[in-house]
Amino acid sequence: MAVSITLRQQVGTAKTVKSTSGDAAITLASLANGSYRQSTKVDLGATFAERYGVYLDAEFAANPTAGNTVTLWANPSSSGTAATDNRGGCSGSDAAYAGYSSNAAASVLQLQPIGTGTVTAQATSTVQRIFIGVWYPTRRYNSFVLLNSAGSAFHSSDSNCVLTLEPLEGTGE
Amino acid sequence: MLTPSQIDACRTLIAATPTLQALATAGNDSALAEALTASLPPVPKPGVFLGERGIYALLGVDAGETFLKTIESMAAIDNPYQDSFKRVERWVKDGTGIDVGIPVTQQMLISLKKANAGEFDDSTIDVVVAHGSQPQTVTTDDVAVICSPLRPDGKAGE
């Protein structure tokens with residue numbers, strides 16, 4: 001007798017990374033084009049989803065260049081302590097990212113790539129809501145590194161800038 | 001990707017131009033890239049060859065004919081560059097063409113303009129030099145490098 005199985009999924013409780021009141025902190029205010037910023041560590045919990053949908057809400061200080069990008073990496077860590085067990089020269093704190101010896105572009109390649117989102121030429125006050133990618137976390141604790149290549153700095157107020165991690169969970173049917 | 005000297009030129013231009021400074025401070029690299037591209041002088045574009053037909057097409061019949069006759073004249077009469085003009089005349093006529101996108105050719109044309117040599121007129125030489133030139137295109141990635149000393153912590157406007 002054939003057994004029919006339907007695999008379904010649902011979106012679990014999201015984690016957010018933003019300047020204040022998130023599950024982890026990243027200050028994107030005024031982050032210049034061509035510059036990197038890293039976050040504190042987010043705790044996904046002792047057991048966590050296999051996959052996360054990753055989204056960025058971004059508001060810029062001026063019109064970005066259509067087709068330019070923002071890129072995101074994860075720093076998987078076995079420790080919730082900021083300075084412990086980091087990859088690619090990450091600090092685990094909310095700070096500018098310089099990698100090893102101020103060589104961010106080379107150092108960031110040691111991190112886990114999540115994805116690249118494309119911006120459009122929207123005026124300030126428009127919050128661009130960008131799908132970055134599907135992320136497969138490998139460790140409980142993760143900080144993030146974001147490279148702004150949009151052609152404009154982020155807005156000086158980053159209250160509208162949020163990185164959202166949505167777990168994609170099987171329903172167990 | 002700009003050369004170090006082009007990056008220095010852009011930094012000097014920004015420092016001397018309040019409107020460009022304002023864009024740099026605001027982190028508006030997209031607009032700054034466009035403004036710098038419009039402000040920087042064109043540079044030679046190697047590999048732009050012009051023969052007889054190309055000169056006619058570029059300058060039109062009258063100015064093209066004058067241009068070619070001046071080259072022939074400079075190749076025929078005694079002058080310090082006669083041998084060079086003999087070669088140029090041969091290249092123009094045998095279909096090889098002259099590369100008007102290399103600095104030495106452009107410098108030669110411009111020096112002829114200054115010397116008021118033959119029948120060349122200034123506007124004709126300007127057209128030929130412009131044909132062998134290209135804008136210095138500044139991208140937002142270039143602007144990030146240009147403005148990096150102003151943004152030691154990766155933040156604009158501070």
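Bear in mind that the values here come from a model prediction, so they are computed numbers and not experimental data.
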(request) Consider only side-chain N and O atoms of B:D29 and A:S152, and report whether a donor and an acceptor are under 3.5 Å apart. (result) no
(message) Tell me the closest heavy-atom pair linking B:S30 and A:N63, and the distance in Å.
(response) CB-O, 3.6 Å
(request) Counting only heavy atoms closer than 4.5 Å, note whether A:N148 contacts chain B via side chain, backbone, both or neither. (result) neither
(message) Using every non-hydrogen atom in the two residues, find where A:A61 and B:A26 come nearest and quote the distance to one decimal.
(response) CB-O, 3.7 Å
(request) To the nearest 0.5 angstrom, please state how far the CZ atom of B:R151 sits from the OG atom of A:S35. (result) 6.5 Å
(request) Using the rule that two of Ile, Leu, Val, Met, Phe, Trp, Tyr join whenever any of their side-chain heavy atoms come within less than 4.5 Å, decide whether A:L31 and A:V54 are in one cluster. (result) yes
(request) Under 4.5 Å heavy-atom distance to chain B, tell me which part of A:S156 shows up: side chain, backbone, both or neither. (result) neither
(message) Quick check on the hydrophobic clustering: are B:V145 and B:L13 connected, directly or via other members, by side-chain heavy-atom contacts under 4.5 Å?
(response) yes
(request) Determine whether more than 12 heavy atoms belonging to other residues, nucleotides or ligands lie under 6.0 Å from atom OH of B:Y81. (result) no
(message) Can you confirm whether B:D62 is buried at CG, in the sense that more than 12 heavy atoms of other residues, nucleotides or ligands lie under 6.0 Å from that atom?
(response) no
(request) To the nearest 0.5 angstrom, please state how far the CG atom of A:N33 sits from the CG atom of B:D141. (result) 6.5 Å
(message) Give me the atom names and distance for the closest heavy-atom approach of B:A144 to A:G34.
(response) CB-CA, 3.7 Å
(request) Verify the cluster assignment for A:L56 and A:L168: are they in a single hydrophobic cluster under the rule of side-chain heavy atoms below 4.5 Å apart? (result) no
(message) Would you say CZ of B:R87 has more than 12 non-hydrogen atoms from neighbouring residues, nucleotides or ligands within 6.0 angstrom?
(response) no
(request) Could you tell me whether a side-chain N or O of B:K155 sits under 3.5 Å from a main-chain N or O of A:A32, the two making a donor and an acceptor? (result) no
(message) Hydrophobic clusters here meaning ILVMFWY residues chained together by side-chain heavy-atom distances under 4.5 Å, can you tell me if B:L50 and B:L59 are in one?
(response) yes
